[in-house]
Amino acid sequence: HQCGIPSKSTLSIPTVLDFFKSTKIVGVYSERASYQSFFIAADGKVYGAGSSGQGQLGGGTCQGDPVEIVALRGKEIVQVAAGCYFTLCL
């Protein structure tokens, strides 16, 4: 789930996420110590996928497909950092 792929299988090759086939992604952020990944689209939207047990994705508990972080709409986000229990957007 961390990379936006609904299965729990391990992938060792680059994989296109169906969710983003029509969306240009300009930034991908995933930390080794976290269970979530974040994606910044060219239109400024920020998406998250993975575990959200502590609210790291802005709501819900776990996401297979990436979800837009609605609370960040209209904000200019240039970088994302994440840990086990937090997410920081700059």
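All residue numbers refer to positions in the sequence shown, counting from 1.
For the atom pair CD1 of Ile69 and CD1 of Ile77, the computed distance is 10.5 Å after rounding to the nearest 0.5 Å.
The list of side chain to side chain donor-acceptor pair (under 3.5 Å) pairs with a residue in residues 18-27, not counting sequence neighbours, reads Asp18-Lys21. Counting only residues at least two apart or on different chains, the salt bridge (Lys or Arg N to Asp or Glu O under 4.0 Å) pairs with a member in residues 73-85 are Glu68-Arg73.
Across Pro66 and Phe39, no two heavy atoms sit closer than the pair CG-CE1, 4.3 Å. Closest non-hydrogen pair, Val78 versus Tyr29, comes out as O-OH, 3.2 Å. Across every non-hydrogen atom of Cys89 and Val80, the tightest pair is SG-CG2, 4.2 Å.
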